[in-house]
Amino acid sequence: MPPAAVMFTQTRLDVAEAELSELEEALDALGRPRFHARQIFQWVYKRGVTDFALMSDLARDLRADLAASCTIATPVVERQERSEDGTTKFLLRLADGKHIESVFIPDTPAQTFCISTQVGCAMKCAFCLTGKMGIDRNLTAGEIAGQVRVLARELGMLDTRFNIVLMGMGEPLHNYEATMKALRILADEHGFGMSGRRMTLSTVGVLPALERLATEPLMPNLAISLHATTEDQRDLLVPINRKYGLKELLDACRRFPLKRRERITFEYVMLQEVNDTPEDARRLVRLLHGIRGKVNLLPLNEAAGIPFARPSDDRVNRFARILAEHGITVSVRKSRGRDIRAACGQLITESSRKAPGARLATLMETS
Ligand code: SAH
């Protein structure tokens, strides 16, 4: 039996976890008019307020009622690190003491928040530091949307347009319900009012979830972490390929509903002398035939414990040129925030079970 205090907090509605319709129902249950839900959403998302007492357009007794029966769980900024290039990494503490990282990447030219969907990740991609952590737990919808709230508030960007990319820690399609709920919360016109076009979901391609995503009314941009051009090579680099193979994944991409002018982004991490040869490039051209896509090359961000090297610019350019010559739109992702370990695949937080030193030692051993 949990202590009574825990049981009590569990029965309190967490506004951060609620879609507008759920908050309206909660107000109904309190015997209050539903329209207050919109006001609360505006306070929480447009103004970054997490204390009911400050919601000055609500009657005092309603504020008191809300404070007694609801919470607004919000990740706490434990550390902020700013890179030379303006990229800022936030270490956030969740209600249960676990940690995640979120990153602000300015002027890409958009302003972009890179958001986590899990504590750690279960996918174990061979070149990704987060994968080395393993999975601790899923984030809740409130924790996913909460990162956006916290970053917008901390950066003074509550009134600024920004994009979000689900490219932080975790595999979004391995935490489907919470991820999609978070996107719906972020899309609500009484909150951030973000359109799907400003959101990008990056995935290794968990196929059943990808098929489900294809049917969603709220559709983010899709980015697929491809990284290899043969089944054997992808089996090694992106282990989930052993379950959902390259061919099936690309077939699902072919079927994926795209609006006019929309394209799927294929992310391709470049590992020196592993998948960066002209043959790889030509195979990639053939694989993408008939798919409305573009390719984003990610030269490896190297790290201790990652047994691959970053190819030279010449090799990256040669690869890019082959794709371009075959009519494929290709871009090379500039690594941002590498000096503060905020770049792709570099997000890692210490597990609660191990001291930072021990965690680093584990990483070195696996190299
Ligand atoms: N789980 C999601 C989001 C991961 S992060 C996914 O796999 O798509 C976003 C991108 O960074 C992915 O394409 C991922 O494979 C890539 N990445 C991971 N580690 C990297 C590294 N060390 N260098 C460059 N890109 C990396």
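Values reported hereafter were calculated over all heavy atoms of this structure, with side chains retained and with hydrogens, waters and symmetry mates removed. In each ligand, atom 1 is the first atom listed, and ligand 1 is the first ligand listed.
- What sits closest to atom 18 (C) of ligand 1 on the protein, heavy atoms only, is Gly345 CA, 3.5 Å.
- Ligand-side atoms of ligand 1 in range of Val269: 24 (C), 25 (N), range being under 4.0 angstrom from any heavy atom.
- Heavy-atom distances between His227 and ligand 1 reach below 4.0 Å in at least one pair.
- Less than 4.0 angstrom separates some heavy atom of Leu300 from each of these atoms of ligand 1: 21 (C), 22 (N), 23 (N).
- No donor-acceptor contact under 3.5 angstrom links the side chains of Thr160 and Gln111, judged on distance only.
- Defined by atom type and a distance below 3.5 Å, a donor-acceptor pair is missing between the side-chain atoms of Asp280 and Asn275.
- Within 6.0 Å of CG in Asp313 there are 12 or fewer heavy atoms belonging to other residues, nucleotides or ligands.
- Classified by interplanar angle (parallel below 30°, tilted 30° to 60°, perpendicular above 60°), the ring pair Phe162/Phe113 is parallel.
- Nearest protein heavy-atom contact of atom 16 (C) of ligand 1 is Leu298 CD2, 3.6 Å.
- Between Thr203 and ligand 1, at least one pair of N/O atoms sits closer than 3.5 Å.
- Side chains of Thr203 and Glu171: a donor on one and an acceptor on the other come within 3.5 Å.
- Ionic pairing of Lys247 and Asp251 is present here: one or more N-O contacts between side-chain nitrogen and carboxylate oxygen are shorter than 4.0 angstrom.
- The heavy atom nearest to atom 1 (N) of ligand 1, out of those in Gly170, Ser202, Gly131, Ala122, is found in Gly170.
- Considering each of Asn301, Thr130, Ile306, the one bringing a non-hydrogen atom nearest atom 23 (N) of ligand 1 is Asn301.
- Among Gly168, Ala303, Cys128, the residue whose heavy atom sits closest to atom 4 (C) of ligand 1 is Gly168.
- With hydrogens and angles ignored, the 3.5 Å screen pairs a side-chain donor or acceptor of Asn175 with a backbone N or O of Leu139.
- Contact annotation: for Met167 versus ligand 1, heavy atoms closer than 4.0 Å belong to both the backbone and the side chain.
- For ligand 1, the atoms closer than 4.0 angstrom to any heavy atom of Phe127 are 15 (O), 17 (N), 18 (C), 19 (N), 20 (C), 21 (C), 22 (N).
- For Asp159, the CG atom counts as loosely surrounded, since its 6.0 Å shell holds 12 or fewer non-hydrogen atoms of other residues, nucleotides or ligands.
- Numbered from 1 in the order shown, with element, the atoms of ligand 1 that lie under 4.0 Å from a heavy atom of Ser225 read 6 (C), 7 (O), 8 (O), 12 (C), 13 (O), 15 (O).
- With hydrogens and angles left out, the side-chain atoms of Glu262 and Asn221 include no donor and acceptor closer than 3.5 Å.
- At the top of the distance list for atom 10 (C) of ligand 1, counting protein heavy atoms only, stands Glu267 OE2, 3.5 Å.
- Closest to atom 21 (C) of ligand 1, if we only count protein heavy atoms, is Cys344 O, 3.3 Å.
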